[in-house]
Amino acid sequence: MDRQMIISVGREFGSGGHVIAEALAKKFGLPLYDSNLLEHIAQEKNIDHAELKKYDEKPKNKLLSRTVRGYSNSAQENIAYMQFDYLKKKAESGESFVVVGRCAETKLKEFPGLISFFILGDKEKKAERVMKVYGVSRDEALHMMEREDWERKTYHNYYCKGKWGDSRNYDFSINSSRLGIDGTVTMLEEYIRAAVHE
């Protein structure tokens, strides 16, 4: 593949977005960046990975943080910017990759090879998936979905002008409950191949 390709996958919790991103990375032979970004950053900066992971894609606590002369004391904010910078450097180097979340559809918008997706799903189907994957009750699954999506939305909307999940901010939004995981992967693969050869 001569042309750079960056596939950005935003997702609702329980939609299977991460599994879909993994499948796309495999199909196109690309590295996948998700929470593993923190491992790369920890190695580069000689920081404890476990310490960084606690704050991954978490909203900034506005009550406990402040910024003075451009420096923030918020671990969440500092880690978010470390990830944005890391992804931007990868993109600037010409690397092709798949990235899950991390505001990539906005932060990497300047790169012509970017193709961005948002994966959503029907509430009951997502709850079933969360129950199966995490071995929890329906009530626990619904609570997890609500909490995780609130965190993702708050995180995203703090760092981006466009709203999380708003279809206008992505090239393609798809409900994975309709086609299932495999069917959604096939549909997105076709879309990517068509977009790359347009």
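Hydrogens, waters and symmetry mates play no part in the numbers below; they use all other heavy atoms, side chains included.
- Pairing each heavy atom of Asn157 with each of Gly162, the nearest pair is OD1-O, 3.8 Å.
- Annotation: the span from Glu148 atom CD to Arg11 atom CZ amounts to 8.5 Å, rounded to 0.5 Å.
- A 4.5 Å side-chain heavy-atom check between Met145 and Lys123 finds at least one atom pair inside the cut-off.
- To the nearest 0.5 Å, the span separating CG on Leu114 from CG on Asp171 amounts to 6.5 Å.
- A heavy-atom distance below 4.5 Å is not found between the side chains of Thr106 and Tyr159.
- Contact check for Ile79 versus Tyr81: no side-chain heavy atoms found under the 4.5 Å cut-off.
- The side-chain contact (heavy atoms from CB on, under 4.5 Å) search around Met131 returns Arg138, Ala141, not counting sequence neighbours.
- Under a hydrophobic-cluster definition in which Ile, Leu, Val, Met, Phe, Trp and Tyr are linked whenever side-chain heavy atoms come within less than 4.5 Å, directly or via other members, Leu188 and Phe28 are assigned to the same cluster.
- No side-chain donor-acceptor contact under 3.5 Å links Glu105 to the backbone of Ser116.
- Note on ring orientation: taking the six-membered ring where Trp is involved, the planes of Phe84 and Tyr155 are tilted (angle from 30° to 60°).
- For Val130 against Gly14, the heavy-atom pair with the smallest separation is CG2-CA, 3.7 Å.
- If you run salt bridge (Lys or Arg N to Asp or Glu O under 4.0 Å) between Glu12 and each of Lys126, Arg129, Arg152, only Lys126 comes through.
- Not a single donor-acceptor pair under 3.5 Å links the side chain of Ser176 to the backbone N or O of Thr184.
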Could you give me the CA-CA distance, side-chain angles and deciding distance for Gln83 and Tyr33, then say whether side chain to side chain donor-acceptor pair (under 3.5 Å) is met?
CA-CA 10 Å; Gln83 292 188 72; Tyr33 294 123; over 6 Å; no
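- Lys125 pairs by the side-chain contact (heavy atoms from CB on, under 4.5 Å) definition with Asp122, Glu128, Ser177, not counting sequence neighbours.
- Taking the six-membered ring where the residue is Trp, the centroids of Phe13 and Tyr134 are separated by under 6.0 Å.
- Taking each heavy atom of Ala91 and Phe97 in turn, the nearest pair found is N-CE2, 3.9 Å.
- Under the 4.5 Å side-chain contact rule for hydrophobic residues, Phe172 and Val100 share a cluster.
- The aromatic rings of Phe118 and Tyr170 lie tilted to each other, with the angle between the two planes from 30° to 60°.
- A heavy-atom distance below 4.5 Å is found between the side chains of Val196 and Ile115.
- Separation of atoms CZ (Arg102) and OG (Ser35) is listed at 6.0 Å; rounding is to 0.5 Å.
- Other residues, nucleotides and ligands contribute more than 12 heavy atoms inside 6.0 Å of the CG atom of Asp85.
- Under the 4.0 Å criterion applied to side-chain N and carboxylate O atoms, Arg193 and Glu189 are assigned as salt-bridge partners.
- Glu110 and Lys88 are joined by a salt bridge, as a carboxylate oxygen and a charged side-chain nitrogen come within less than 4.0 angstrom of each other.
- In the displayed structure, Glu146 atom CD is contacted under 6.0 Å by at most 12 heavy atoms of other residues, nucleotides or ligands.
- For the pair Leu179/Thr186, no side-chain contact is recorded, criterion being any heavy-atom separation below 4.5 Å from C-beta on.
- Between the side chain of Asp139 and the backbone N or O of Ser137 there is no donor-acceptor pair closer than 3.5 Å.
- Although no hydrogens or angles enter the test, the distance criterion places no donor-acceptor pair under 3.5 Å between the side chain of Asp34 and the main chain of His18.
- Interatomic distance, CG of Leu30 versus CD1 of Ile6, reported as 10.0 Å (0.5 Å rounding).
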Take Ile174 and Phe117 through the side chain to side chain contact (heavy atoms under 4.5 Å, CB included) test and state the conclusion after the steps.
CA-CA 8 Å; Ile174 188 166; Phe117 300 120; 5.9 Å; no
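- The heavy-atom pair separating Pro31 from Ser96 by the smallest distance is CD-O, 3.4 Å.
- Once rounded to the nearest 0.5 Å, the distance linking CG of Asn175 with CZ of Arg178 reads 5.0 Å.
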Val9 vs Val99, side chain to side chain contact (heavy atoms under 4.5 Å, CB included): CA-CA, chis, key distance, verdict:
CA-CA 6 Å; Val9 180; Val99 57; over 6 Å; no
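- To the nearest 0.5 angstrom, Leu108 atom CG is 12.5 Å from Ile7 atom CD1.
- When hydrophobic clusters are built by joining Ile, Leu, Val, Met, Phe, Trp and Tyr residues whose side-chain heavy atoms come closer than 4.5 Å, directly or via intermediates, Met144 is grouped together with Val133.
- For the pair Asn169 (side chain) and Gly165 (backbone), a donor-acceptor distance under 3.5 Å is absent.
- Residue Ala21 comes nearest to Val98 through the heavy atom pair O-CG1, 3.8 Å, listed as atom of the first residue, atom of the second, then distance.
- Remark: side-chain polar atoms of Ser15 are not paired, donor with acceptor, to backbone N or O of Leu120 under 3.5 angstrom.
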